[in-house]
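Single-structure report; data block below.
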Amino acid sequence: MKANSQWFVYNKKADFFGLAKKFNVDPVIIRVMRNREVIEEEDIRRYLTGDSSDFYNPHLLKDVEILTDILIEKFNENKTIRIIGDYDIDGVMSSYILRVGLGKFSNNVSVRIPDRKKDGYGLNMNMIDAAYEDGVDTIITCDNGIAAIDEIAHAKELGMTVLVTDHHEIPCKIVDDKKITLRSQADAIVNPHQEECEYPNKKLCGAAVAWKVICVLYEKMGIPSEEADELIEMAAFATVGDVMDLVGENRIIVKEGLKRIRNTKNIGMKALLAACNIEMDQVNAFHFGFVLGPCINASGRLETAIRALELFLEKNPLKAKTIAEELVTLNEERKELTVEGTKEAIEIANSKEYENDTVLVLYLPNIPESIVGIIAGRVRESQYKPVFVLTKGEECAKGSGRSIEEYSMFDEMCKCRELFIKFGGHPMAAGLSMEETKINEFRKKINEISPLVNEKLTEKVHIDFYMPVDYVTMDLVRQLNVLAPFGKANEKPIFVDKNLKIRRMIVMGKNKNVLKLFLISEKGAEVTAIYFGDINEFEEYLIDKYGEEEVNNAFLGKNNKILISMVYYPTINAYNNNESLQFQMQYFH
């Protein structure tokens, strides 16, 4: 929401009016879809009306036949099976999906989720040894395992069967500037990122991969597909919560999941919705990502994620209510810790010592390990640079990274792999552990090899197109809802209008953090806009450009010379049973 951002307006071509007529939508809808590379008519149909019949065949996943055949063999032999997940929302949801799915065929299925402090991320030696001591025959991972080369080798030495379901990047090493992928000794690996995998959607979350496995298993075991479909809501929840691209099949998973969650049978989900004051029929992707999801993540950050898993497995409504309220309280604690940690991190990032770093490596030894990823994300938003935030763990430094679109974090970390004890992730995010003494060396090397230059480090705002506010109607705003669910790679569309006069400005809200603007368009239409960004920054920008007197006049509703360009998203404001158009200002010039 800054004035110094760079604006880029898409200018892609298509037969907007012809396609709009064919699909019975406003041309604006077709233009937005074209900007998201939805071009072919079949893709447009799937985008507008796609449903579960458009899901890809799960049998296309590499090793899914081997993995499910092994599971069936283990069921028949009554072997003990242990699911090992992860402590974030994707790990919890994928653990739930496997627990419910495998539990239909065996009473010898248990789940373990790593303790963030004691165990760290994913499959580890402690958990393997514990499984062996418990007499576990087969380990199946979810949302982790692809990078556990040494750990799986250890499990195989102990005679265990190891099955991996994961969605993270395949681990690699760089030899003579060539990327060489690594593979563990697991008995079967289901991960769409594998080179030989023919599954079209490479961007499934871990829970969606687990769900696809269960779909194949149910089919082989003669269970109706409708029972597998009941698990879509959890795969949808994780898809948004793990910030996967909401395009293609992922978007349909979320659409279908939202339909089901509005009539959910899961007692724990009902309890969490109630604890967060969300009506079941009103749930949307925003709630997944910013209200419900953080409550699940908070359990793994501040206590143990097993508690979140227990919520969704719980059959007693009163017990579920208690757990849900605990998770909401934990999330409030997490928010407070995050605010304090973010303030400290931004102060360091703004110091002179870091001004020439294009990649920020920040060491905050006293903050909880559990919130370093959130803080890295907040600093990334503030600085628009890739950010690693590390803290002091029990045995070594641990951290998380959050990236920008120009920088593939995982690929760059592969070039520094000798400095890490453990690492993994995606182009946009990563986790790592390393010796505390190597942090400065890491900071130095990651900046030396950085492909970024300063001119790349200005936030880029991609605008769908120029659309005068006069064109916007209530019907168009309602039609824009067909583009939902919104999220990564399918963001809410934004538009730009220019030469808007400010008739009046009012600062509103309990904390005086909302700005209401009464604007006049070039054609003389009067519209209302709302701004939730930094009001002081906006005011300073106007004073620098037009002078303090003109800004004061605008606040007083007097004539003034101020003209602004506004990047906006149109909404409908409902108040006292009256509806009116309202424009949410996102950026300004």
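We count residues from 1, following the sequence as given.
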Do [X] and [Y] get their side chains close enough for a donor-acceptor pair, meaning under 3.5 Å?
{"X": "T68", "Y": "K220", "value": "yes"}
{"X": "E491", "Y": "H462", "value": "no"}
{"X": "H154", "Y": "D129", "value": "yes"}
{"X": "N191", "Y": "H193", "value": "no"}
{"X": "D464", "Y": "N35", "value": "yes"}

Does [X] [atom1] have over 12 foreign heavy atoms under 6.0 Å away?
{"X": "E279", "atom1": "CD", "result": "no"}
{"X": "K202", "atom1": "NZ", "result": "yes"}
{"X": "N24", "atom1": "CG", "result": "no"}
{"X": "Y569", "atom1": "OH", "result": "yes"}
{"X": "K319", "atom1": "NZ", "result": "no"}
{"X": "E198", "atom1": "CD", "result": "no"}
{"X": "Y10", "atom1": "OH", "result": "yes"}
{"X": "K62", "atom1": "NZ", "result": "yes"}

Inset, instruction - Look up atom CD1 in I223 and atom CZ in F105, then write down how far apart they are to the nearest 0.5 Å. - result: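 It is 4.5 Å, given to the nearest 0.5 Å.
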
Below 4.0 angstrom, N of the basic side chain to O of the carboxylate: do [X] and [Y] qualify?
{"X": "D51", "Y": "K255", "value": "no"}
{"X": "E37", "Y": "K12", "value": "yes"}
{"X": "R262", "Y": "D281", "value": "no"}
{"X": "E412", "Y": "K415", "value": "yes"}
{"X": "E41", "Y": "R45", "value": "no"}
{"X": "K265", "Y": "E230", "value": "yes"}
{"X": "K74", "Y": "D187", "value": "no"}

Legend entry - Lys/Arg cation over aromatic Y56: R46, 6.0 Å, 45° cone: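 R46 over Y56 ring: yes.
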
Legend entry - Aromatic Y47 / basic R251 pairing, under 6.0 angstrom, 45° off normal: yes

Main-chain N/O of [Y] paired with [X] side-chain donor or acceptor, under 3.5 Å:
{"X": "D69", "Y": "I72", "answer": "no"}
{"X": "Q479", "Y": "D26", "answer": "yes"}
{"X": "R82", "Y": "I139", "answer": "no"}
{"X": "D63", "Y": "I189", "answer": "yes"}
{"X": "D242", "Y": "M244", "answer": "no"}
{"X": "N144", "Y": "G85", "answer": "yes"}
{"X": "K203", "Y": "V247", "answer": "no"}
{"X": "S94", "Y": "A210", "answer": "no"}
{"X": "R478", "Y": "I572", "answer": "no"}
{"X": "N331", "Y": "L327", "answer": "no"}

Inset, instruction - Return the orientation label for the F288 and F237 ring planes: parallel under 30°, perpendicular over 60°, tilted otherwise. - result: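 F288 vs F237 ring planes: tilted.
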
Quick one: closest heavy-atom pair of [X] and [Y], and the distance?
{"X": "C276", "Y": "C295", "result": "SG-SG, 3.9 Å"}
{"X": "R34", "Y": "F16", "result": "CB-CE2, 4.0 Å"}
{"X": "A320", "Y": "L311", "result": "O-CD1, 3.4 Å"}
{"X": "I152", "Y": "A186", "result": "CG2-N, 3.6 Å"}

Legend entry - Test item: N108 and K79 side chains (from C-beta on) under 4.5 Å apart, heavy atoms: no

Inset, instruction - Take E381 and R378, measure what salt bridge (charged side-chain N to carboxylate O under 4.0 Å, His left out) needs, and give me the verdict at the end. - result: CA-CA 5 Å; E381 290 170 11; R378 299 279 171 83; 5.0 Å; no

Inset, instruction - Step through it carefully: locate the ring centre of F286, locate the ring centre of F486, and say whether they are under 6.0 Å apart. - result: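 No, ring centres 6.0 Å or more apart.
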
